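Please read all numbers here as calculations on a predicted model, not as lab measurements. Lettering follows sequence order; numbering is per chain, from 1.
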Amino acid sequence: MAKLATVGEVSAQLIEKMKAADPDPAGLYPHIKSYLCLKFMLDESDAESDDIVELAARSVEQIAGLKKNGLQFVDHSGTCAAVSSAVTKKILLLIALQKALNITFPRNKTADILSIGQLCEAVAEQMAQEIPA
Amino acid sequence: MAIVKAKDIKLIIQPVHCVMVHEYVFEGPCRFGFGDELTLDFDRMNGAEGFKLFKSKMAQYLTNPDFELLEPIECEITEAFEISDEMMEAVTVNDAKADCYLFHSTGRAYPIMTRTAEVTGKPIVLCPKCCGNTMVPATIRARGYECESPMRWEDMEDILEVHRVRKVLKRSRALLLTRAFTNNASVSAPDGFLNLDDVTKSFGTQFCFLDIHEFIDQTRPVECTDNPTKPGIRGHNLTADDMAEIDAIADELIAGAYECTMSKEDLVHTLRFYQTAKKLMSHYGCNAFSTACPEMCATRRLNENKYTPCLTHSLLNGEGICSACEYDVPGLLTQIILSSFAKAGAYIGNTHTVLFEDDGITTAAKINPENGLAEKVRSFDAETRKNLVLTFHASINRQMKGYDAPQMGYSIHPYTGSMWGGTFRYDFAQDAGQTITMARIAPDGKSIFVARGKIVGSIGHDMNGCTQGVLFTVENSRDFYTKQCDFGNHVPLVYGDVFGQVVALGKLLGLNVVTA
């Protein structure tokens, strides 16, 4: 419980940093990457990749005690929507950011957000639109 | 009007991605998850991931240039499972162009697929996925519509190609040169279709009939109103430009041949038949051709004009316009099928099982005209002689190894003893070991015969007449012969193994498929 509380506090702090940061992708990048690692329960030193689904898969593998790249052999969709665990985590991350930052990603763009860099661009774009001039 | 060649006919595919979304947060026996996983936002984002995956799979697995993919359409259905007219209008917006619908889905979107089949009557093709891939075809097929459900993306192109070739048959219109039959069947091809109206109903292929005499009249470069069969009526006679083009074609053919044992003047005569066939096919909107050979021969007008149709068949088949000897319409349709799958010109000829008895006597000795066949058969080893079949006619084409492949080497020999009637000649022995696929539709149009063979030799490539042929082995020549007796003489063939595709097409067309 204490750990969850800490995660909640740290994620709230990171959201505040995002809001306070320059609304450009470079300024947002370190905060969004830290936020992603927090949500995915990854140590930032293990998150060398910029690929969100790859990091999500790594997260599931660590939590489930699987070998690296082992998820592809055991993962199966729990629903009729045929969604993988890693993609589920990616979508939940986007929804969490939408809620916390009061932004909405365009529906037809979310599948094209593949990397942390692209996520930062999408967030910056939406924050710029949401903030009144 | 340009001739729309069978080889250029594409299958137009409408991709549709269906997403099932839930407007309300709830769990139950068909839905479960945690927190935001149960939101509308999640379903839509997940649908977007599915759409992206769909597009990437199409880019990876649907690369056949004979397929045209329309802009993919997205469609959303909610947990109310309602299908509105507006939804169907959106899904079928390109229906006038589309030949089939390729469905990919995220969640239970089955009702859209079934409704699309009902509204359009067009085939529904499913992307490999989950239990819907057996449920949906059963649902749709039970209602009298077509639904394909490949197990793997790797199988998708083969299935769609079968539908494309069916479309080619539907888009084919054959120009048939005919003459009143003395009996109730053509002498050229008495094993032809019993009823061409039934063929149009079953295969979609159309036919355009032209009297042989009207055709021959128009092969003459005279005033277009000066045709005895239609005095005063404007015909499509060869013009000075046509004659110049024929002259250039003759030069090109002679220059490209290993040898030409006939005069250019007589080759030009032969090509007048070819040029007129193309002009009239263009005029009548046709893209396939056949002519009643013996009926035409018996008029003596071919002799008078020094025409044989062989080279016309050869050139047309090489260009991607199927052309069958002897008014053989089942053979013509089979050529369209084979050449569409092989993407190569088909070869049609008399197909005859060559028996070799223990006493050394072979049926080859009884085949006319004499072409050294008996000696050739005796020269083969016992294993080769056991299942030997011959297909012969002087109508080989230069693109039998592919429309896009380099032209095959050829010689030009006359058909007749008087040295007129140009024909191509090819030594099939250089292709020994290569696989060929054969097929023929039965006279009642209800069955198709399909077989494979391996080339073992050649005959008549250095002779005149109808001696040109290819010798090949089949799995069991007696079985082949017995089954062929239900189908007829000509069994067209193509290079390559398209056996499985022809069998699949036969099933799609609802034919009884007989294999050997």
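- At a heavy-atom separation below 4.5 angstrom, chain A is approached by Glu74(B), Glu76(B) within residues 69-80 of chain B.
- Between the CZ atom of Phe42(B) and the OG1 atom of Thr110(A) there is a distance of 11.0 Å, given to the nearest 0.5 Å.
- Proximity to chain B is absent for every atom of Lys109(A), based on heavy atoms less than 4.5 angstrom apart.
- Interatomic distance, OG1 of Thr39(B) versus NZ of Lys99(A), reported as 7.0 Å (0.5 Å rounding).
- Contacts from residues 48-66 of chain B to chain A, taken as heavy-atom pairs separated by less than 4.5 Å, involve Ala48(B), Glu49(B), Lys52(B) in sequence order.
- Within a 6.0 Å radius of CZ in Arg171(B), other residues, nucleotides and ligands contribute 12 heavy atoms or fewer.
- Asp41(B) and Arg107(A) are not joined by a salt bridge, as no carboxylate oxygen comes within less than 4.0 angstrom of a charged side-chain nitrogen.
- With a 4.5 angstrom heavy-atom cutoff, Ile113(A) does not touch chain B via any of its atoms.
- Between Leu93(A) atom CG and Asp36(B) atom CG the span is 11.0 Å, to the nearest 0.5 Å.
- Most heavy-atom pairs under 4.5 Å with chain B: of the set Ile91(A), Leu94(A), Asp112(A), Asn108(A), this distinction falls to Ile91(A).
- Distance check: Leu92(A) CG to Met45(B) CE gives 9.5 Å after rounding to the nearest 0.5 Å.
- Annotation for Asp404(B): atom CG does not count as buried by contact number, only 12 or fewer foreign heavy atoms lying within 6.0 Å.
- The local environment of OH in Tyr24(B) is sparse, with at most 12 non-hydrogen atoms from other residues, nucleotides or ligands closer than 6.0 Å.
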